[in-house]
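Take a look at the structure below.
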Protein chains: 2
Amino acid sequence: MGCVTMYAETLVAHSEFGGEALRLSTRGRYGVKAMFELAMNHGRGPIPLKEIADRQGLSEHYLEQLVAPLRKAGLVKSVRGAHGGYMLNKDPASISVGDIIRVLEGPIAPTDCVADEHDAVEHCGRAAGCMARSVWAKVRDSITEVVDSITLADLCEEARKSGDKNYMYYI
Amino acid sequence: MGCVTMYAETLVAHSEFGGEALRLSTRGRYGVKAMFELAMNHGRGPIPLKEIADRQGLSEHYLEQLVAPLRKAGLVKSVRGAHGGYMLNKDPASISVGDIIRVLEGPIAPTDCVADEHDAVEHCGRAAGCMARSVWAKVRDSITEVVDSITLADLCEEARKSGDKNYMYYI
DNA sequence: TCTAAAGCCGAGCATATCCATGGGAATGGT
DNA sequence: ACCATTCCCATGGATATGCTCGGCTTTAGA
């Protein structure tokens with residue numbers, strides 16, 4: 001009864017052709033889900049991954065692989081042993097969705113040539129007069145603005161405001 | 001001297017870890033490059049893919065696979081046989097970067113659950129109260145706004161305004 | 001009518017992604 | 001002292017994706 005569905009998203013079949021453009025991989029998506037769970041339980045001690053995996057319908061072992069870099073980046077801390085688990089290492093208001101995505105998927109950028117301002121020329125050798133590059137830079141900036149402006153605290157507030165008792169099963 | 005570099009981008013090695021988040025694949029990137037070339041030569045008859053491939057440093061065979069869906073979508077038309085090639089099927093001002101990306105990579109969406117408004121619930125069964133979904137929808141909208149607001153005519157104007165005689169080698 | 005230029009088509013390889021498996025090390029309760 | 005729980009780490013495999021390659025069809029011009 002405590003578990004809603006197992007591996008809900010894993011079973012989703014992709015559409016016949018190609019998938020989507022500018023897609024976020026499961027690393028970023030599941031990472032945000034997990035961090036949201038930790039944020040909702042902030043201040044209540046460590047939460048085991050098994051709990052998160054069950055609630056979100058994700059693989060516990062896969063989650064372990066995602067939480068490892070989040071720990072190394074200082075976003076979460078762990079408590080080993082029985083009754084252990086993970087908890088946020090910062091205030092939910094000071095962790096943005098962008099922070100999580102960058103740790104798990106690398107710099108936010110539609111192309112290599114706008115991933116890092118400094119070595120753009122090295123990527124295609126044409127950066128100076130490249131028309132497309134300005135487009136990709138605008139795309140990057142607009143994405144960054146959105147994901148950096150939304151914090152875990154914002155998501156928690158939204159969830160609580162929605163009044164849905166099952167908020168913990170969502171996201 | 002007419003050819004700048006062969007397969008310039010293909011040779012670029014990826015960084016050691018993970019690459020970038022919300023990345024555009026080569027389909028969309030090369031597609032925009034090719035369409036820009038066609039737009040710069042709009043009204044001058046068919047342009048062979050070999051010419052575009054040489055100028056942009058791309059694989060001709062791979063370009064063929066990208067142009068096929070663009071033709072089926074009615075964005076370009078082809079002339080077979082000797083002295084044949086491709087040309088735009090619309091005015092450059094009425095083809096946006098977003099149009100090209102959608103044809104080559106599918107709907108612009110960071111996740112399945114915001115690719116199509118209608119069947120969102122089917123994807124994860126939690127759409128109603130999903131906090132993350134609103135984030136992904138905002139990301140999608142901000143990307144869409146940028147790429148739909150930039151047309152091939154805009155890129156051509158920029159290129160010509162830059163005064164760079166080698167504009168054709170860029171993008 | 002022959003030939004070269006060009007578009008068209010399908011198969012195949014290489015790599016990345018997603019996730020599973022099998023263990024080890026640390027900790028708290030009994 | 002033991003055991004269950006939990007984090008931690010390394011490897012492997014199935015699938016999807018990105019890209020290349022070879023061969024066929026159509027057409028203009030000599």
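Throughout, a chain's letter reflects where its sequence line sits, starting with A, and its residues are numbered from 1.
- Under a 4.0 Å N-O distance rule, the pair A:D99/A:K90 does not qualify as a salt bridge.
- Contact of A:E64 with D:dC7 (side chain to base): no donor-acceptor pair of N or O atoms is detected under 3.5 Å.
- The side-chain contact (heavy atoms from CB on, under 4.5 Å) check on A:E145 picks up nothing, with sequence neighbours excluded.
- Not a single side-chain contact (heavy atoms from CB on, under 4.5 Å) links B:H83 to another residue, sequence neighbours left out.
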Sugar-phosphate or base contact per nucleotide [nucleotides 25-30 of chain D; S, B, -; heavy atom under 4.0 Å]:
BBBS--
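- Taking the side-chain contact (heavy atoms from CB on, under 4.5 Å) definition, one finds that A:N89 meets it with A:K77, sequence neighbours left out.
- For B:E105 and D:dG18, the CD to C1' distance is 11 Å, given to the nearest whole Å.
- Ranking C:dC18, D:dG18, D:dC8 by closeness to the B:S25 side chain, first place goes to D:dG18.
- As rounded to whole Å, 14 Å separates atom P of D:dC21 from atom CG of B:L63.
- Taking the nucleotide of DNA chain C with the nearest heavy atom to each of B:V67 and A:H61, the more 5' of the two is matched to B:V67.
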Provide a list of protein-nucleic acid N or O atom pairs under 3.5 angstrom, restricted to nucleotides 1-3 of chain D.
none

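- You won't find any donor-acceptor pair under 3.5 Å spanning the side chain of A:Q65 and the base of D:dC9, going by distance alone.
- The CG atom of B:L70 sits 5.5 Å away from atom CG of B:L75, with the distance rounded to the nearest 0.5 Å.
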Go through B:T151 and B:E157 one step at a time and tell me if the side chain to side chain contact (heavy atoms under 4.5 Å, CB included) criterion holds.
CA-CA 10 Å; B:T151 70; B:E157 194 187 351; over 6 Å; no
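- The nearest pair of heavy atoms linking B:I100 to B:L152 is CD1-CD2, 4.0 Å.
- Less than 4.0 Å separates DNA chain D from at least one heavy atom of each of the following residues of residues 45-52 of chain A: A:I47, A:P48, A:L49.
- For the pair B:P46 and B:G84, the tightest heavy-atom approach, listed with the atom from each and the gap, is CB-C, 3.8 Å.
- Between A:V79 and A:Y62, the residue anchored closer to the 5' end of DNA chain C is A:Y62, taking for each the nucleotide with the nearest heavy atom.
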